[in-house]
K.L.:
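Got a structure for you, written out below as structure tokens; questions coming shortly.
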There are 6 protein chains.
Amino acid sequence: MLIEFGNTRVLCAASVNEGVPRWRSGSGLGWVTAEYAMLPSATNTRSDRESVKGRIGGRTHEISRLIGRSLRACIDLAALGENTIVIDCDVIQADGGTRTAAVTGGYLALADAITWLGAANRLNDPKPLSSSVAAVSVGVVDGRVRLDLPYEEDSRAEVDMNVVATDAGTLIEVQGTGEGATFARSTLDTMLDVALAGCAELTAKQNEALALPYPGELPEPRPGKKKGSK
Amino acid sequence: MLIEFGNTRVLCAASVNEGVPRWRSGSGLGWVTAEYAMLPSATNTRSDRESVKGRIGGRTHEISRLIGRSLRACIDLAALGENTIVIDCDVIQADGGTRTAAVTGGYLALADAITWLGAANRLNDPKPLSSSVAAVSVGVVDGRVRLDLPYEEDSRAEVDMNVVATDAGTLIEVQGTGEGATFARSTLDTMLDVALAGCAELTAKQNEALALPYPGELPEPRPGKKKGSK
Amino acid sequence: MLIEFGNTRVLCAASVNEGVPRWRSGSGLGWVTAEYAMLPSATNTRSDRESVKGRIGGRTHEISRLIGRSLRACIDLAALGENTIVIDCDVIQADGGTRTAAVTGGYLALADAITWLGAANRLNDPKPLSSSVAAVSVGVVDGRVRLDLPYEEDSRAEVDMNVVATDAGTLIEVQGTGEGATFARSTLDTMLDVALAGCAELTAKQNEALALPYPGELPEPRPGKKKGSK
Amino acid sequence: MLIEFGNTRVLCAASVNEGVPRWRSGSGLGWVTAEYAMLPSATNTRSDRESVKGRIGGRTHEISRLIGRSLRACIDLAALGENTIVIDCDVIQADGGTRTAAVTGGYLALADAITWLGAANRLNDPKPLSSSVAAVSVGVVDGRVRLDLPYEEDSRAEVDMNVVATDAGTLIEVQGTGEGATFARSTLDTMLDVALAGCAELTAKQNEALALPYPGELPEPRPGKKKGSK
Amino acid sequence: MLIEFGNTRVLCAASVNEGVPRWRSGSGLGWVTAEYAMLPSATNTRSDRESVKGRIGGRTHEISRLIGRSLRACIDLAALGENTIVIDCDVIQADGGTRTAAVTGGYLALADAITWLGAANRLNDPKPLSSSVAAVSVGVVDGRVRLDLPYEEDSRAEVDMNVVATDAGTLIEVQGTGEGATFARSTLDTMLDVALAGCAELTAKQNEALALPYPGELPEPRPGKKKGSK
Amino acid sequence: MLIEFGNTRVLCAASVNEGVPRWRSGSGLGWVTAEYAMLPSATNTRSDRESVKGRIGGRTHEISRLIGRSLRACIDLAALGENTIVIDCDVIQADGGTRTAAVTGGYLALADAITWLGAANRLNDPKPLSSSVAAVSVGVVDGRVRLDLPYEEDSRAEVDMNVVATDAGTLIEVQGTGEGATFARSTLDTMLDVALAGCAELTAKQNEALALPYPGELPEPRPGKKKGSK
């Protein structure tokens, strides 16, 4: 699943494994986790591979955790059953807003995985998703609030905020940061207005995408059988 | 500098080095960075050392970055000159809110380091701090908004928010997360009210602490001389 | 540059940096190197990220070295001047033959980088490429020699061989391996026949691709000026 | 438990886990191990975190092993039963003799852990400790033998020796090193005299500390029940 | 087992463990793997230890994999039964051709391990080795094909090829590389002629070595009993 | 240089590099350091490679540091000039006492390196070695003090001591450890008697070895010229 936000392009893929990590084994609950990464050639100046450096940077960790947390907020893990869904978000081209693009695209990959698990008869409950999830970034540039900044504007934004919201307009995550500056509470309110409107637009586009036929082959229902990853 | 918030105790220390990291060398700007860590015995159940595991976890990275960003928002790096201040925040005992305690205590360590640099005549401008910085956590437990949750309540909070603010009441960082749940915008507003009131209280206590004499020996002013770390 | 060989899809990108690694600095010679990686979702069963494992596996190392060696065989490093070209080959979808697809696509990325450097007036000699490079895999399945095996056949091949050749039909690299079996010298000869014919076909397709206009904006010629990466 | 030797301050804590490492599981024997670390701000010039460097240095390894070995010499591991006690020694402030302070304080933490395990009815035998353990450093500075050197003297000592002894005056560990110099056997004898006298003094102080009431809440005796760490 | 090829000296040792890696447990098949390493003092200019660097280089990985693959080609893993044989090849002195010396010596160590396992009555079938294995390097220097180049010639070879063959003259592995150059197919043919003749000579010497008595003590046959490593 | 103590065999080699580590550059002083390692096949049960594990264990660190410290005690680093000597001690076969064999053999490698440097006219002073160095282990087994225990006895020793001494009978390092036991000061005295007698015997053998001609080719004297490693 290739998500494009302006010039930002993120490949989002879901993998399904039977079973859950050891620490929650036997709980009857499923697990959703995410891994975010950037290809070296995604940025204007080539960035080093984290595999070559031998360690994952703080920014990568932070974004992977944000995506996982956001997607877990919209799913009933008991309904999922003891299955693990891993969402991989690999940035092919970066031009601002890669983390919010990854959340928004990650939701689509998650929804497809749920469809696949449903067809395979492997869910405890047919509707584990309680809402859809979309995310946008907003920023203040030259004193004005702007939605989804490209890299050139983002890098000189005074305030930067990421908002993750549901299709019901409730909030999952709000992260606002003054970039070497502080901001008034009224600015926060304006940024939230703009962000929630942006999320609503994305929700509409997600619904269009999910109304299309499933992009692949659905499995035969196989109750009680072992299966590999999707 | 030992900061206590309820049963949470964090040791905050500043180290001053002449010079800046290579990537900003020659810019005339200083640098402030932070490292957060938890002693293995700080938690109820012993946690493994990250040095033994050979890698720093995502949570540690995330918090170190938050502290550094928050403290850089209140300092004029040109006034600091090409000096680096490292703020170490080591959690001795953890009972909720360790990251906000670290920001609040980190500010005190930073202010002391600035006093020391000023006495040593090593600042480009005598007042590099544009404001003070304090941080609190707020959460929603059993449907009610609560300030500075201890661990037992924090672990069952439905929403968790960290707010970093200045003494002028402006915001530096807002991070709100639904923990496996979503929250209404009105809840966000109430949490911000409570958080800003909490930050104001902490600001008053910080001012009291900084009104006390400098906790150590101040250096002789040495213009143009090389110095080791504080 | 996205290369497709059957269901195998590899993203190949070149980055240009002024200067060379320290060990060959001052030699007047340029450097070409390559990094190969596989996205976790590229395989049927999700593979773990090497950045998460904290170390690069032997297979990845081996393939990165093969690509770099193959591309260096066709370029005059003195004509390149003290520039470094990094070829990134990221496998988006894997269905056999990813290493040979990466060499073949890597040559196209290299040729584009040379066009870009030429337009920027940064080459010591206008024609550093002495030949083109293409690679194929051949295998023996059920006793018959086959070109470019898909994964399903590759995994049960008795012999597996990768051949890298130039447009002049000379060889750069030959790697033949009995997979838990041995093979006669006559089989090697047949495999080479098939492989060289396959390389010739790929060379024709590469020429078609390179006859198209340069896929991007060419730089202004800037003699003697510092430049970032492409 | 905070141990102070002059300006050296070490936080010593014991954690109890049911079970033992896999390699001695089923032996009926317990295990005692130790981990030593230094906070970055403990030294005059800030030292880098080993977690950030991604590997534990030789000195840290060496000291952790010394502490573990010293404490295991005074305990009957069969009487301890299949429990593991981890002693964490974190240096808050370093001014010479951190390793011997860690052994001496580590014994107090171990004794408290034994009291706790006894109250919980989890020992195979009520008195697993066969002796107490204390340690001192002695050095030769300017030709004279001195006990417990502060950092300034330690760094110019010609000979440096660490002695770990029991309350019965027997030896557990003797480590004497010429620092870029050699020393006569008679010097070794004098150093041992001074060290054993020093250990006897520390033993007296340990007894005073252990005569105080247990610093925490003792558990209810729970025969045969699973418990988390202390 | 110390193998000498000119000035190249490689220590080859086999270790036998009961059981196989988890991923092939229960298959009834055994496993043979190899690890190659170079002592720091083996080369003219001291090379850094990979244990100190904290990661294994690409070249080491590549050679270890080549040795393992080559030896697995000559053994019936079902006849071996669920035993693992690890072949360690440590280069004591390096003067070209270390990898082919390691394969050739590794075969002798493997054959001894098989003799040992047979004496211990631990094989499923008494003759698991289907052929012997030997390897040589050939190169083109100053336009002439040469067998087993010493380092000084190897480093200026235009083409370098490693060939692994059986005593029946069939091939296991062929790796030919143009070193910054390309080569004609006819050159490949000549190199193969020379290499196969070289392998035949080595096979003769291996047979002589294996005709000597077993270099150690053979175990008592112990059907069905647990055993440590050889 | 291959040192044999009973069944223990250690390969000791010295490498000479012009220059010193950065932290002592410009001091006019040389540097001597050591690296100890064990081949996987050196022990009865194969041990894992530390390069494969990606980290050096505490024991390896500890022994490398002991060897380096011991050898630095007998050399005048100002007389050595800004040269670095690295002593590599690789255990080929281990049967107790590997660390003391490494110190004793390391001294021979060091003495050869000094001879080589002297012949090359690269020393500040022709006699940098102030004494020779030898080391032995002693242990208490079944209540009796024994010199140089083989592995089988060492593993059940009650006390274990390593002593490094000069040819003048002065001490460089004394490390005595009760293995899960304590020992009387009189036992320490007896162990020292036995150890010093053992060191004297080794010193005699070292002198014999060094009286033989230099095992290699000595360099031409080249004042003021750059040279590679020995």
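Each chain gets a letter, A, B and so on, in the order the sequences are listed, and its residues count up from 1.
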K.L.:
Quick check for you: among C/Ser64, C/Ala73, C/Gly176, which has the greatest number of heavy-atom pairs under 4.5 Å with chain E?
P.N.:
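Between C/Ser64, C/Ala73, C/Gly176, the count favours C/Gly176.
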K.L.:
What residue, out of E/Ile75, E/Thr60, E/Val164, E/Asp189, has the most heavy-atom pairs lying under 4.5 Å from chain C?
P.N.:
E/Asp189
K.L.:
With a 4.5 angstrom heavy-atom cut-off, is it the side chain or the backbone of C/Leu188 that approaches chain E, or both, or neither?
P.N.:
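Side chain only.
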K.L.:
Hey, what do you get for CD (C/Glu173) to OG1 (E/Thr182), rounding to the nearest 0.5 Å?
P.N.:
12.5 Å
K.L.:
How many angstroms lie between atom CZ of E/Arg59 and atom CZ of C/Arg65, to the nearest 0.5 angstrom?
P.N.:
7.5 Å
K.L.:
What verdict does the side chain to side chain contact (heavy atoms under 4.5 Å, CB included) test give for C/Arg55 and E/Arg55, after you've listed the backbone C-alpha separation in whole Å, the side-chain angles of each residue and the deciding distance to 0.1 Å?
P.N.:
CA-CA 7 Å; C/Arg55 52 178 76 189; E/Arg55 51 177 77 189; 5.9 Å; no
K.L.:
Could you look at E/Arg185 and say if it's the side chain, the backbone, both or neither that has a heavy atom under 4.5 Å from chain C?
P.N.:
both
K.L.:
By a 4.5 Å heavy-atom criterion (distance strictly below it), what part of E/Asn162 contacts chain C: side chain, backbone, both, or neither?
P.N.:
neither
K.L.:
Between E/Arg69 and C/Thr177, does a side chain to side chain contact (heavy atoms under 4.5 Å, CB included) hold up when you go through it step by step?
P.N.:
CA-CA 8 Å; E/Arg69 230 165 33 226; C/Thr177 303; 3.6 Å; yes
K.L.:
More than 12 heavy atoms of other residues, nucleotides or ligands under 6.0 Å from NZ of C/Lys205: is that the case?
P.N.:
no
K.L.:
Measuring heavy-atom distances to chain C, does E/Asp160 have an atom under 4.5 Å in its side chain, in its backbone, in both, or in neither?
P.N.:
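It is neither, since no heavy atom gets under 4.5 Å.
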K.L.:
Could you tell me which portion of C/Ile56 (side chain, backbone, both or neither) has an atom closer than 4.5 angstrom to a non-hydrogen atom of chain E?
P.N.:
backbone
K.L.:
I need the E/Glu179 CD to C/Arg72 CZ distance, nearest 0.5 Å.
P.N.:
9.5 Å
K.L.:
Considering non-hydrogen atoms only, spot the tightest contact between C/Ile172 and E/Phe183 and give its length.
P.N.:
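Heavy atoms of C/Ile172 and E/Phe183 come nearest at O-CE2, 3.7 Å.
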K.L.:
If you measure from CG on E/Leu171 to OG1 on C/Thr187, what distance do you get to the nearest 0.5 Å?
P.N.:
8.5 Å
